[in-house]
Amino acid sequence: MLQSNLSIGPNGHLLFAGQDTVALAERYGTPLYLLDEERVRANCRLYTRPFARCFAPGSLPYYSSKALCFKALYPILLEEGMGADVVSGGELLTALAAGFPAEKLCFQGNNKTPEEIRLGVEKRVGLFTVDNLLELERLDAEAARAGIRQRVLLRLTPGIDPHTFAAVNTGRIDCQFGVPVETGQAREFILRALRMPHLEVAGYHCHIGSQIFDFQPFADAAQIVLDVAAAVRDEAGYTPSVLNLGGGFGVRYKEDDPVVDIPACIERLSGILARLCEERGLPLPAVSMEPGRSIVADAGVTLYTAGPVKVIEGYRSYVVVDGGMSDNPRYALYQAPYTVLNASRAGDPCDGEISIAGRCCETGALIQENVPMARPKTGEIVAVLVTGAYNYSMASNYNRVCRPPIVLLSGGKSRVAVRRETWADMTACDL
Ligand code: LLP
């Protein structure tokens, strides 16, 4: 099995977090998102423990809410000692509504609206990551209005290509995030920020991309940012006390994806950072990262019920499930790979290939193509693995399909954390 929270029950059903997925599908209906709380906790510890051991005091991993955001997640993150990053008023208010402390939030985003900036300041979020000059000015004015000095990180673009797929590659120079180092604009941006009376520059932020399986691209990015830090220190006497290296490590969607030893990578990174700082005569900053995918992806499984099976003679076979790109747009968007299992007969041998199609009305609305598996029959439960990240958070009401519920699994029990949308919800905003 792809991951240790999966197994096969005596009846051949797929067990997830020790629970029978076919029984869960019956109880809660399909499509259904399941989330294994213990796995979320274990994934948090892959960061919190080495962070405490290897990095300077004050270092903190911030969970990246964009991967998956709903209220019941935040008490878990808090108990595990994580901070959280948010990129919108919606994510911010979700975290706060769940009792997450504002001072452990970091507000990201490349075009926070004036209302969002005001909200963040009013709620006293601990840190803003400022993406651009316009935001710098708006935030300074808002902090002045509130009579506070807002702590900020400055988002720099180091121009690293971490060899990940283009759609989620945010560290290249030519992109819409942050201020580029190579053109000299980052230096000007920092000097400007240091003159802002109502902002306290805590340090620098960079993010180079997602699905990264190695510590080296993070070290390369850190080197570029620390070069800027040293130049600014020489020019303006300022040294950063925080260095945020952006998103976390990659996850395995399929058996042949590499396994990342996250604590080992963090340990290597800490050694490299110490050397880079020493070489530049910089004090060791507190380090942050913003893992999203690696916290929740393998804690999630999506269940569907197989509908029609279509055998296109001489071509291929499709099973159409009762969800699709409305709950998981990642194949349609990125041709993202997934492991798909027949949850009703998880132990059965593969008897051919089948493409898993969704119910949304377009040809590209597939979940996965040509999957070798025990081909589902109508009524059987189909499980798509490793769907905890960027599935629910990217779900839509395309075709006015209702989004599935999220059921949290913990200690052999299950509970609805996000209810299923209803047809009434589909017209709730219509006047
Ligand atoms: N911090 C920043 C500034 C980010 O832009 C991202 C992801 C993260 C943290 C979290 O990175 P992670 O640990 O999850 O790799 N929708 C795409 C992923 C887009 C990620 C964008 N930024 C997908 O479905 O693969």
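One-based numbering, in listed order, for ligands and for the atoms of each.
In terms of N/O distances under 3.5 Å, ligand 1 is not approached by S64. In terms of N/O distances under 3.5 Å, ligand 1 is approached by Y390. The shortest N or O to N or O distance between G292 and ligand 1 is under 3.5 Å. Distances between N or O atoms of S294 and those of ligand 1 include no value under 3.5 Å. Ligand 1 has a nitrogen or oxygen under 3.5 angstrom from a nitrogen or oxygen of R330. Taking distance alone, with nitrogen or oxygen atoms compared against 3.5 Å, H205 stays at or beyond that limit from ligand 1. On a distance-only criterion, G248 and ligand 1 share at least one N/O pair closer than 3.5 Å.
Listed by first and then second residue, the side chain to side chain donor-acceptor pair (under 3.5 Å) pairs involving residues 221-230 are D227-R280 (not counting sequence neighbours). The side chain to side chain donor-acceptor pair (under 3.5 Å) contacts involving residues 86-97 comprise nothing, where partners must be two or more places apart or lie in separate chains.
Heavy atoms of P291 come nearer than 4.0 angstrom to ligand 1 in at least one pair. Note on ligand 1: Y334 sits in its first shell, one or more heavy atoms being nearer than 4.0 Å.
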Problem - Trace of the side chain to side chain contact (heavy atoms under 4.5 Å, CB included) decision for E421 with N397 - result: CA-CA 10 Å; E421 284 181 333; N397 291 123; 2.8 Å; yes
Practice task
Just do the salt bridge (Lys or Arg N to Asp or Glu O under 4.0 Å) check on R41 and E37 with the steps written out, would you?
Solution key: CA-CA 6 Å; R41 290 182 183 277; E37 179 176 333; 2.9 Å; yes
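Geometric assessment of K112 against the ring of F107 yields a positive cation-pi assignment under the 6.0 Å and 45° thresholds.
Between the side chain of D234 and the backbone N or O of A231, no donor-acceptor pair lies under 3.5 Å. R420 places a side-chain N or O within donor-acceptor distance of the main-chain N or O of Y28, the cut-off being under 3.5 Å. In this structure, D131 contributes its side chain and N111 its backbone to no donor-acceptor pair below 3.5 Å.
Of the heavy atoms in R155, only side-chain atoms (C-beta onward) come closer than 4.0 Å to ligand 1. Under 4.0 Å from ligand 1, not a single heavy atom of F177 appears. Looking at R293 against ligand 1, both its backbone and its side chain come within 4.0 Å, counting heavy atoms.
For ligand 1, the atoms closer than 4.0 angstrom to any heavy atom of S210 are 11 (O), 12 (P), 14 (O), 15 (O). Counting atoms of ligand 1 from 1 in the listed order, those under 4.0 Å from a heavy atom of M394 are 16 (N), 24 (O). Close approach of ligand 1 to G247 (heavy-atom distance below 4.0 Å) involves ligand atoms 1 (N), 8 (C), 9 (C), 10 (C), 11 (O), 13 (O).
Inspection of the Y304 and N328 side chains reveals no N or O donor paired with an N or O acceptor under 3.5 Å.
The pair R275-E278 fails the salt-bridge criterion, with no side-chain N (NZ, NE, NH1 or NH2) lying under 4.0 Å from an Asp/Glu carboxylate O.
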